[in-house]
Amino acid sequence: MIPAPHLDFLPLLPELIVAGVAVALLVGGALVGRPSQTVLLLLTLAGLIAAAAASAYLWNWDGPGRVLGEMIQADRLAVVSRMILLGVGAFGALYGHHYFARTGVARMEFYPLLLLAVSGMTLLVASADLIVVFLALEILSLALYILVALSFRMASAEASMKYFLLGAFSSAFFLYGLAMAYGAAGTTKIDGIALALSGRTGSQPLALAAVGLLLIGFGFKVSVVPFHMWTPDVYQGAPTSVTAFMAAGTKVAAFTALIRVLDVSFQPLTWDWRPAVWALAAASMVLGSLLAIAQTDLKRLLGYSSIAHAGFILTGLIATDGAGIAAVTFYLVAYSVTVLGAFGTVMLASGGIRERTSFDSFRGLAGRSPMLAGLLTLFLLSLAGIPPTVGFIAKAGVFGSAIRAGFWPLALIGVLASVVGAFFYLRVIVLMYMEEPQAELEPEGAALPGAALALAAGLTLVLGVFPQIILPVLEKAAILRW
Amino acid sequence: MLDLIWLVPALPLAGAAINLFFGKRLGKAAGALAAAVMTAAFVIAVFVVAELLKLPAEQRAHVRHLWEWIASGSFRVGVDLLVDPLSATMILVVTGVGTLIHIYSIGYMDGDPRYGRFFSYLNLFVFFMLMLVLAQNYLLLYLGWEGVGLCSYLLIGFWYERASAANAAKKAFITTRIGDTGMMIGIALIFVKLGTLDFGQVLGPGAGRLSEGAATAIALLLFAGAVGKSAQFPLHVWLPDAMEGPTPVSALIHAATMVTAGVYLVARSHALFEASTVALPIVLVVGLATALYAALASIGQFDIKRALAYSTMSQLGFMFFAAGMGYYAGAMLLLVCHAFYKALLFLSAGSVMHGTGDEADMRNMGGLAREMPATTAAFTVGALALAGIPPLAGFFAKDHIVSFAATSGRDLAWVLASVGAFLSALYITRPVFMAFFGTRRAEGHAHESPPVMTVPLALLAVGAVGAGVLGLSVAGGFLARFLEPSVGTAAEGAVGPSEAVLVGISVALAILAVAVAWYVWGSGRVDWLGIPERHPGLAGALGTAFYINALYSWLVQFPGKGFGRLVARGDEQVIDGMVNDVGAGVERLSRVAPRWETGRVRSYALSFAVGAFAVLVVLGLRL
């Protein structure tokens, strides 16, 4: 008789809640006809909060480390990353509610799709098996492809198409890498691969190919050079509320999974994958910063900035110790808070569905709306990594870990790239404060996204001055058990 | 109660924030709010110090750990506040004198369009000053140090519409920055050598572990910061120009508190200075030289505030002189007394300017005693205190220092310091006779200032009269005994003339100086208005403080211009050429970039594939 496997669903509860609410909204929405947007928003937020509560409960989980046939990881890194992602999801929902209400095309599909994307992201950070990683990546990607197209602008549809085609292309690489990993280790379990690879001597072509191909697949998701080409186009084309959500969420989810793949699965090959990660990080920081200089559209600029930031995060990943992982997770928090704030401000300042986000629309913004200009200034300073904002602490953290691990040339490249970065961020600040307005845009004030922005600004400053509020938690989460 | 110390800096910070954001809406209430938070901070400071006094002397050092500020590997810096006799003395001065100056400012700044902004800056300054003196490690101290520098810059340039004010602000910022850079290197050196910035470790066991050379380098680099901040020769040029700021600013920042930070730094770091054999003698020489130099320069000034600015420099010189002899308690006593009488002098001068329509040139004053009796009395009390007439505060403070030079066997220093004391009494009674007595030399009426300004004057005058009790020479004076756990006691040799003889000489010199001042500027027998014409060389040298400004301009500008011309030529031919080339290159690149960013999916996919190939090649190299 085959013993019935013990199924422990509790560590998957956050995903189950989020996906469940998504399905309920989809079905319920179809039945009701034209549901109220506010009700949808409230239900979405309720689902996210319930999932956050479930995931907070898991912080002190004392059951097995992996459940459901060793597919799902029940560790603290998953808890912390989930919390960040659920927060990002809440911001996305608030922004989307405002964005679609303003444009007059209230889309009820937005909320279920957003929730599905969130469930894919949270599943990704809790995966204990490369198969689940792949599934989670596809769940979040498919939802995002549609979210990007969720506006009547041509640019939006075009962006979605590009993202989809290149995403499919990168999925192929990822899948091939998965197959190679199985070939090399005889398993797809994240820790199983490490156990199989450790202790081996001699060259391992299959394992190297696996880590390379997986790196390419992840590299696309987190927009690392040279897999970054889609980023500016998609960031610009997508509805700004969606851009904010995907910019923060995708990075958090994919980088957390990448931590598991590089620091656990391929930990025995650390010295082999480090040069490749080094090169990707350097290329992203340098090219992301240099190409950003030539931009004249704020959303594109933030797209290139996200490429450079992916490079900064990789810099932290290269030091494979607990402090390095804590630095990376702190960076992910910092980047999420800041970039959500930046895109949120852009959304409020660029007015209307036509999304006038060229620099001309931001000239003299300080005169028209000192509040928005001040907020955007704060977020840009944080992206540039200037104290006392959270971006500074985050950068200091990842550069510090790279230096500790002996990769000071990479940290030096990072610092130089930050100097270049400061130039284009400050240029936006200059044109907001020191130039005459050219466009007659009426920036909007709105209560809900306004409160979200205030929260983002508060976090940017508070975490910049008191990083110790969350650092101990992140340090506890950074202990990977396998 | 001791743990509530964080409230003392927190209250002014809160005041600054509220006035920054709501200053306009608050209107007149902004000043009242700023003064209220200062009063509260002072009251708490008094309670904290009372609590400190209840402890036995050797336990009077309380560290309040607020939070971990930086924790990176072995480098840990906490936001820790240290309450010990030295910092307790400083916070009482800063909040006490600060409160009175805030109240005075309510009247003085009345009607200014940026009323709220002014109080916001003033509160922010007090916050940073308190952080500076309460810091328990060098990094936090440096934060306060730079913060007060920033506020000084903002407040000197408060009336930035005036080009002279904007320039003075820049000059102050840049000049002090020269010293600050040295100080920053010094702090970095402490960390390199000792691996910590914590006072408890650096000044305790750490100082003993330093080699002679390292200790000298650290002490002198820290002293460079002190020289800049406390306007000592040769980084003194910014202070007279800083008088472009509103007068309460001159009183608070450029007389009573910020400029004394350098003295505090030396007293605080005395263990480092003592670990070196040359550091303290250099402090002594710089201090004494500045004391004499600035005293002479003050005699040549006709602008009342500039005369007081040089006087401040001279007094600070005396404090460094005392510290250089290892007599830190004496330096601190002078610091406390000076805070009272110099704030009093500045605020009285401000009251004069307030009452005469912003007249600062003493040649256009005279005979103000009739119209402004309260102000006259205040200024006179301040001047007599500074001159060292017993039993006012300045007598005890200065007499202790000058006598210490004699009893510790430094005869030459004692003679020079006595000359300095004589000149001090001379230069400070000069404006009394020039401005307040004799006959009015200009048209127009003067009026007495409102009570909101004269009451703080009266309270400061009480301090200027009475602060000397801290130095009453029972076992070295109360302050010296109080400070002993922080700065130790100075080794006093019993050589030289007896105490009574020294006091006699000191008092005689002060009275003689007052008499000379009366004869020249008060009796009407000397045509002092004509001195610049009769002795242009002397008047020019004193009036311009010995042409140091011109010398600096020449030193910086003349070679600077030549160098500039050289650089310009190089720039046109080499750099511009290069920049143009780089520019052209970037332009070419930006023409290439769109070629990459075609927006076509197939070209994206192609570059993706090429990149993927490159990644695999890099990994393949590891085979």
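Basis for what follows: all heavy atoms, side chains included, without hydrogens, waters or symmetry-related copies. In the text below, chain A, chain B and the rest are named by the order of the sequence lines, each starting its count at 1. Only a predicted model underlies this, so the values are computations on that prediction, with no experimental measurement involved.
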Review point. How about A:Y304 and A:F424: are their ring centres within less than 6.0 Å of each other?
Key: no
Check your understanding: Most heavy-atom pairs under 4.5 angstrom with chain B, which of A:F227, A:F169, A:W230?
Key -> A:F227
Review point. For the candidates A:L280, A:D272, A:L208, which exhibits the highest count of non-hydrogen atom pairs separated by less than 4.5 Å from chain B?
Key: A:D272
Point to revise | Toward chain B, the part of A:A209 with a non-hydrogen atom under 4.5 Å | key: backbone
Check your understanding: Is A:I216 close to B:F608 at the side-chain level, that is, under 4.5 Å between some pair of heavy atoms?
Key -> yes
Check your understanding: Does the side chain of B:V37 come within less than 4.5 Å of B:I18's, by heavy atoms?
Key -> no
Practice item. Measure from NZ or CZ of A:R274 to the centre of the six-membered ring of A:W271, then state whether that distance is under 6.0 Å and the direction lies within 45° of the axis. Key: yes
Exercise for review: Please state whether the side chain, the backbone, both or neither of B:L616 comes within less than 4.5 Å of a heavy atom of chain A.
Suggested key: side chain
Exercise for review: Sort out for me which residue in B:N137, B:L194, B:T196 forms a side-chain contact (heavy atoms from CB on, under 4.5 Å) with B:Q201.
Suggested key: B:T196
Check your understanding: What residue, out of B:V79, B:V610, B:V615, has the most heavy-atom pairs lying under 4.5 Å from chain A?
Key -> B:V615
